[in-house]
Amino acid sequence: MTVALRVAPSPTGRLHVGNIRTALINWLYARRHGGTFLLRIDDTDEERSTRAYEEAIKEDLAWLGLDWDRFSRQSDRLARYAEAAQRLTAAGRLYPCYETAEELELKRKTLLARRLPPVYDRAALKLTAEEKRRHEGAGRLPHYRFLLSDRPVEWDDLVRGPVRFEPGHLSDPVLLRADGRPLYMFASVVDDLELGISHVIRGEDHVANTAAQIEILAALGGKPEELAFAHLPLLADASGAGFSKRLGSLSVGDLRASGVEPMALNSLLAKLGTSDAIEPRQALAELVAEFELAHFGRSTPKFDLDELMRLNARLLHAMSFEAVRERLERLGLRGVDRDFWEVVRGNLARLDDAAIWWRVVHGELAPLIEDSGFARQAAALLPPEPWDRATWAAWTEHLKVVTQRSGKALFHPLRLALTARERGPELAGLLPLIGRARALARLNGEAA
RNA sequence: GUCCCCAUCGUCUAGAGGCCCAGGACGGAGCCCUCUCACGGCUCAAACCGGGGUUCGAAUCCCCGUGGGGACGCCA
C-alpha cells in the first residue's frame, strides 16, 4: 500500500500550535514510512480564506522544515466536486433541502429543549415535487445533504482502536451550500479519494466527521478499508483549558518572536502525549527515526509554554556552529567564529542573546569596579599574549598568591570588571576572546 | 441536553490481575563539579480521582459518581 499523507490547513489565519502538531505528525508518519506528503489548502470557505494566509502557512511550514511533495488547492478543484456531487445524486444519496439557516437553528433549539440530540429530521426528504417547485418559485435555492445509511459505521482507528458510530446520532451532512459551493466535509473526501491519501491523522474533534466521511467515500466508490484514520487527543493549555480556548491564538509568528527554535517546537510536539521522553533534537531526521504513532495516548496532554522555552534553551546549548553561523551573522555578529559560539551557547535561552555576549567580547562596555586597588593589581599581572583557555587559570593562580584572595572574593570582582555582569559563560573561555588590550583597560576602570 | 473519549508523581507517561509498598523522562530539592549561571555526575521528595463490586489477589476487569476534553454548523 502506498503511503500518502496530507496536511489540510484552511488559509484563514496563521498556523498555530494545534495545526503545527497535526502537520508535523502527518509529515513524520509520511517520512517514517517512505510515503508522500501533500499540502492541501482547504479554502472552500471563501469569506475567510485569503491568499496572504496561504503564503504565510507555506512560510511557516518551511520554517519548521516540513516540506511537501505535492500541493493542491480546493478552489482549483471545484469541477471535481461538482462531478462527484452528480454521482451522489445519481446514486440517490444527495437530496435538496430548503430550510433557511434560521429555520435549522430553530429546529436544533427545539430538539435541545426537549433533551433530544439536535439531529436533522430529514423533513426535506418528504417534500413533494410541487413543494420543491414552490420553494424555488419563492426564490429559495436548495442546499444539498448526503443521505446517511441506517447502519452503524465502524473503523479501526490507529490511535483510538475500534470505533463504532450508531446511526441516529448524526445529521445528514450538508455537502453543497445553497450557493453551490462544496463544504469541507465533502471536498475533503473527494480529495482524499482522488489524490490517493492512505492515512488521515487529525484531531479527535473530527471523529464524528470521519463516520460521515466514510459513508460518503463508500458512496463515491472508494474503499474505506484503504483509508486509515487516526484521531489524536486535542492539546489543552497548561491550565488544562481546552485547546480552542487559548492555544488557538498561539501562532507560529508569536512563537518565532519569542525566540523559539523550530526544532524545539518540533521536538516537543512530536513527543507530547507519547510515552517517549521529550528531549531536544537537532534535526527532523532524528524525530522521523523515533516516530511511532502507537506511542500516542488517548488522554489530553497539556501544552506548556515554559516547557517549550526550557527545551529551547537545552536545544541551543547543544547546537553546532554550522547550524547557527548564518543566523548569527544576520544578527550583526560579523566575523563570528566557532570559539565564540562554543563559549557562549551554554548561557543562551534564545539565539538573539548571543548578541549580548558579542558586545561583551567585541563591543565597548563600562566595567563594574568593586575594588579599584585589586583591579589594578590584576591588570598589572595580566600575562602577555598569546592567550588561550589556560591563560585564565595561570593568571588567577598568580593573583591568588599575590593578593591572598580566593574563591568569590577573587573571582567575582574580575567577572564584574571584565563583563559588567554577574553571570555568564566561563571566564576561562571568555578571557581570550576579550583579549589583552580590552581586559587591561576594563580592569583599569576604563570603558573599552 | 444527547452522544463519544479520557482519568497513575507538578507535567508527559510505563503499567494489558500477582513481576508494582508502582518504573522512566521533564520539572523540583540536595550534594558534587565550579568564579557565576548553565552543562554534567550522584542522591532525594513526589502519583494509582472517589465509592461500590468481581477475584485467593486490582493501578489493571465491571458499575455508579465526580472531574476534564470533544462532537452535535449552509465553519474547518
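In what follows, chains are A, B, ... by sequence order, proteins preceding strands, each numbered from 1. Quick caveat: nothing in here was measured; it's all calculated off a predicted structure.
Between A/R108 and B/rG73 there is a side-chain N or O to OP1 or OP2 distance below 4.0 Å. Under 4.0 angstrom from either OP1 or OP2 of B/rC74 there lies at least one side-chain N or O belonging to A/R145. Neither OP1 nor OP2 of B/rC5 sits under 4.0 Å from any side-chain N or O of A/R160. Phosphate contact (OP1/OP2 of B/rA76, side-chain N/O of A/T44, threshold under 4.0 Å): present. OP1 or OP2 of B/rC75 sits under 4.0 Å from a side-chain N or O of A/R177.
Under the side-chain contact (heavy atoms from CB on, under 4.5 Å) rule, A/M185 has a single partner from A/T44, A/I216, A/V174, which is A/I216. Here the options are A/L61, A/L38, A/V7, the test is side-chain contact (heavy atoms from CB on, under 4.5 Å), and the partner is A/W68; only A/L61 passes. Put simply, the residue from A/E290, A/E307, A/E279 that forms a salt bridge (Lys or Arg N to Asp or Glu O under 4.0 Å) with A/K271 is A/E290. A side-chain hydrogen bond (donor to acceptor under 3.5 Å, both in side chains) with A/D43 is found for exactly one of A/S75, A/S10, A/S49, namely A/S75.
Closest to the side chain of A/V174, out of B/rC74, B/rC35, B/rG1, is B/rC74. Considering only side-chain atoms of A/R298, the nucleotide from B/rU13, B/rC6, B/rG69 that sits closest is B/rC6. The nucleotide whose nearest atom lies closest to any side-chain atom of A/E204 is, among B/rC5, B/rC35, B/rG73, B/rC5. Considering only side-chain atoms of A/H317, the nucleotide from B/rA76, B/rA38, B/rU13 that sits closest is B/rA38. The side chain of A/L183 sits closest to B/rC74 out of B/rC35, B/rC74, B/rG70. When each of B/rA76, B/rU13, B/rC35 is scored by its nearest atom to the side-chain atoms of A/F411, the top-ranked nucleotide is B/rC35.
Counting any heavy atom pair closer than 4.0 Å across all strands shown, A/P118 reaches a base atom. Within the nucleic acid shown, A/H412 has no heavy atom closer than 4.0 Å to any nucleic acid atom. Residue contacts shown for A/G297 are absent, as no nucleic acid heavy atom lies under 4.0 Å away. Note on A/K302: only backbone sugar-phosphate atoms sit closer than 4.0 angstrom, heavy atoms only; bases stay farther off. Residue A/E105 is classed as having no contact, given no heavy-atom separation below 4.0 Å to the nucleic acid. At a threshold of 4.0 angstrom between heavy atoms, the contacts of A/R310 are confined to the sugar-phosphate backbone, with no base atom among them. In this structure, A/T274 reaches the sugar-phosphate backbone alone: every heavy-atom distance under 4.0 Å involves primed, P, OP1 or OP2 atoms, never a base. When heavy atoms are screened at a 4.0 angstrom cut-off, A/N209 is found touching base atoms of the nucleic acid. Residue A/R314 is in sugar-phosphate contact alone, with no base atom involved, counting any heavy-atom pair closer than 4.0 Å across all strands shown. Among the atoms of the strands shown, base atoms are found under 4.0 Å from some heavy atom of A/A178. A/P425 comes within 4.0 angstrom of a nucleotide base, judged by non-hydrogen atoms across all strands. If you check every strand for non-hydrogen atoms under 4.0 Å, A/R423 touches a base. At a threshold of 4.0 angstrom between heavy atoms, the contacts of A/N347 include nucleobase atoms, whether or not backbone atoms are also involved. As judged by a 4.0 angstrom heavy-atom cut-off over every strand, A/T396 is placed among residues making no nucleic acid contact.
Comment: A/E166 does not engage A/R151 in a salt bridge, judged by the lack of any side-chain N to carboxylate O separation of less than 4.0 angstrom. Between A/K107 and A/E105, no side-chain nitrogen of the basic residue sits less than 4.0 Å from a carboxylate oxygen of the acidic one, so the salt-bridge criterion is not met.
If you take CD of A/E103 and P of B/rG73, they are 16 Å apart, rounded to a whole angstrom. Taking atom CD on A/E47 and atom P on B/rC74, their separation rounds to 14 Å, with Å as the unit. Between the CG atom of A/L368 and the C1' atom of B/rC35 there is a distance of 16 Å, given to the nearest Å. Atom P of nucleotide B/rC26 and atom CD1 of A/I278 are separated by 10 Å, given to the nearest angstrom. In this structure, the CG atom of A/L430 is 19 Å from the P atom of B/rU34, given to the nearest Å. Rounded to whole Å, the distance from CG on A/L112 to P on B/rU2 is 10 Å. For the pair A/L305 CG and B/rC26 C1', the interatomic distance rounds to 15 Å; values are reported in whole Å. Between A/L431 atom CG and B/rC35 atom P there is a gap of 14 Å when expressed in whole angstrom units.
Side-chain to base pairing of A/H143 with B/rC74: one donor and one acceptor N or O lie within less than 3.5 Å of each other. No hydrogens or angles were tested; on distance alone, nothing pairs the side chain of A/D45 with the base of B/rC75 as donor and acceptor under 3.5 Å. At a cut-off of 3.5 angstrom, the base of B/rU36 holds at least one donor-acceptor pair with the side chain of A/R415.
Taking the P atoms as reference points, B/rU8 lies 15 Å from B/rA59, given to the whole Å. Rounded to whole Å, the P atom of B/rU36 lies 38 Å from the corresponding atom of B/rU13. Look at the C1' atom in both B/rC63 and B/rU54: the space between them is 11 Å, to the nearest Å. Here the separation of B/rG15 from B/rA7, taken at their P atoms, is 12 Å to the nearest Å. Using P as the reference atom, B/rC64 and B/rC6 are 15 Å apart when rounded to the nearest Å. Nucleotides B/rG52 and B/rG57, compared at atom P, are 15 Å apart to the nearest Å. Going from the P atom of B/rA76 to that of B/rA14 covers 35 Å, rounded to whole Å. B/rC35 and B/rG28 have their P atoms separated by 23 Å, given to the nearest Å.
Base pairing annotation: B/rA38 forms no Watson-Crick or G-U wobble pair, as no partner gives both donor-acceptor distances under 3.5 Å. In this structure B/rG50 sits in a base pair with B/rC64, meeting the Watson-Crick or G-U test at under 3.5 Å. Pair assignment for B/rU2: B/rA71, on the basis of Watson-Crick or G-U wobble contacts that are both within less than 3.5 Å. Nucleotide B/rA25 forms a Watson-Crick or G-U wobble pair with B/rU11, both donor-acceptor distances falling under 3.5 Å.
Per the stacking criterion (ring centres < 5.5 Å, plane angle < 30°), A/H231 does not stack onto the base of B/rG70.
Distance check, rounded to the nearest 0.5 Å: CH2 of A/W155 to CZ of A/F229 gives 7.5 Å. Here the straight-line distance linking atom OG1 of A/T419 with atom CD1 of A/I356 works out to 11.5 Å at 0.5 Å rounding.
You'll find the ring centres of A/H143 and A/Y95 outside the 6.0 Å limit.
Between A/F291 and A/F296, the ring-plane angle classifies as tilted under the 30° and 60° cut-offs.
Of the two residues near RNA chain B, A/D179 and A/F165, the one whose nearest nucleotide lies more 5' is A/F165. Sequence order on RNA chain B of the closest nucleotides to A/L141 and A/A277 puts A/A277 first from the 5' end.
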